[in-house]
Amino acid sequence: MTDLHLNEDCIFCKIIRGEISSFKLYEDDLTYAFMDINPLNDGHALVIPKYHAENIYATPDEWFGPTMSTVRRIASAVNKVVRPEGINLLQANGPGAKQSVFHFHMHVIPRYADDGAGMNWEMKHGDMDAIGELAEQIVAAIE
Ligand code: 5GP
Ligand code: ZN
């Protein structure tokens with residue numbers, strides 16, 4: 001089995017270890033899913049790998065497959081129970097993205113067109129030259 005890599009002080013690692021209670025939805029060897037206690041809408045859930053890494057950049061590749069499998073299972077179950085108009089998967093890295101817990105996590109968020117929570121940004125045609133230039137820089141930065 002992959003070595004778990006947890007942190008003493010991290011609130012999500014404490015939830016994985018059962019030191020802090022949570023409304024657990026699902027657990028397997030590599031992942032853990034639970035209800036968010038500050039839900040954006042009813043049914044808001046979180047899925048985490050049992051590997052402590054601050055953000056997406058620090059999380060090793062092998063954790064994404066298991067984590068996304070659990071995200072799919074949880075999103076399907078939330079969708080069945082809550083029957084929202086839609087579900088957003090969200091993941092925050094850094095202050096500009098409003099990350100507040102520094103253990104990589106995926107939000108599973110039931111959404112409604114009129115919930116006023118944003119993220120339904122308007123389509124505004126971009127500058128094709130600028131998009132193309134950025135694409136080249138990003139391609140060159142892929143490791
Ligand atoms: P972030 O802002 O980092 O993307 O999301 C962190 C999420 O963790 C927030 O939505 C917040 O409500 C949730 N959260 C923070 N502390 C706890 C906790 O102790 N238990 C649970 N279940 N969720 C938490
Ligand atoms: Zn952690």
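In each ligand, atom 1 is the first atom listed, and ligand 1 is the first ligand listed. Only this structure's heavy atoms are used, side chains among them; waters, hydrogens and symmetry mates stay out. For the single chain, residues carry numbers from 1 onward in sequence order.
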Note the single closest protein heavy atom to atom 15 (C) of ligand 1, along with its residue, its atom name and the distance in Å.
V101 CG2, 3.9 Å
So, H105 side chain and A92 main chain: donor-acceptor pair closer than 3.5 Å or not?
no
For K50 and D28, indicate whether the former's side chain and the latter's backbone hold a donor-acceptor pair under 3.5 Å.
yes
The closest protein heavy-atom partner of atom 24 (C) of ligand 1 is I37 CG1, 3.8 Å
Closest approach of T67 and P49, non-hydrogen atoms and distance?
OG1-CB, 3.5 Å
I'd like to verify the contacts: list protein N, O or S atoms under a distance of 2.8 Å from the Zn ion (ligand 2).
C10 SG, C13 SG, H52 ND1, H103 ND1
Report the residue from F34, Y32, F102 that forms a ring-ring contact (aromatic ring centres under 6.0 Å, His included) with F12.
F34
Would you check if the side chain of T70 reaches a backbone N or O of P66 as a donor-acceptor pair within less than 3.5 Å?
yes
Could you tell me whether the side chain of N88 and the main chain of L90 form a donor-acceptor pair under 3.5 Å?
no
Is it the side chain (CB and beyond), the backbone, both or neither of I11 that lies under 4.0 Å from ligand 1, heavy atoms counted?
side chain
Aromatic contact between F104 and F64, with the criterion being ring centroids under 6.0 Å apart: yes or no?
yes
List the steps, then state whether side chain to side chain contact (heavy atoms under 4.5 Å, CB included) holds for Q91 with I56.
CA-CA 8 Å; Q91 193 273 316; I56 195 168; 4.0 Å; yes
Can a non-hydrogen atom of Q91 be found less than 4.0 Å from any atom of ligand 1?
no
Could you give me the CA-CA distance, side-chain angles and deciding distance for C13 and E8, then say whether side chain to side chain contact (heavy atoms under 4.5 Å, CB included) is met?
CA-CA 7 Å; C13 287; E8 271 303 301; over 6 Å; no
Need the ligand 1 atom indices (1-based, order shown) with element for anything under 4.0 Å from a heavy-atom of F34.
21 (C), 22 (N)
With only distance considered, is Q99 within less than 3.5 Å of ligand 1 through an N or O on each side?
no
Check whether N55 reaches the backbone of N93 with its side chain - one donor and one acceptor, N or O, closer than 3.5 Å.
no
Just wondering, do R111 and P84 contact through their side chains at under 4.5 Å, heavy atoms?
no
Proximal atoms of ligand 1 relative to N38 (non-hydrogen, under 4.0 Å)
11 (C), 12 (O)
V101 backbone acceptor or donor facing Q99 side chain under 3.5 Å
yes
Proximal ligand 1 atoms for A92, defined as those under 4.0 Å from one of its heavy atoms:
4 (O)
Within reach of ligand 1, part of F23 (heavy-atom separation under 4.0 Å)
neither
Within-shell test, L46 vs ligand 1, heavy atom, strictly < 4.0 Å
yes
If you measure from each heavy atom of F12 to ligand 1, is any distance below 4.0 Å?
yes
Pair H52 + H5: ring centers closer than 6.0 Å:
no
Shortest protein contact, atom 12 (O) of ligand 1 (heavy atom only)
D36 OD1, 2.5 Å
Taking atom 2 (O) of ligand 1 as the reference point, the nearest protein heavy atom with its distance:
S100 OG, 2.8 Å
Would you kindly specify which portion of H105 sits under 4.0 Å from ligand 1, judged on non-hydrogen atoms: side chain, backbone, both or neither?
side chain
Got a donor-acceptor contact below 3.5 angstrom from the E85 side chain to the A113 backbone?
yes
For ligand 1, which atoms, with element, lie under 4.0 Å from some heavy atom of H107?
1 (P), 4 (O), 5 (O), 7 (C), 10 (O)
Of all protein heavy atoms, the one nearest atom 22 (N) of ligand 1 is M35 O, 2.8 Å
Non-hydrogen atom of I20 closer than 4.0 Å to ligand 1
no
Does even one non-hydrogen atom of I15 get within less than 4.0 Å of ligand 1?
yes
Does the plane of the ring in H107 sit parallel, tilted or perpendicular to the ring in H44? Use 30° and 60° as the thresholds.
tilted
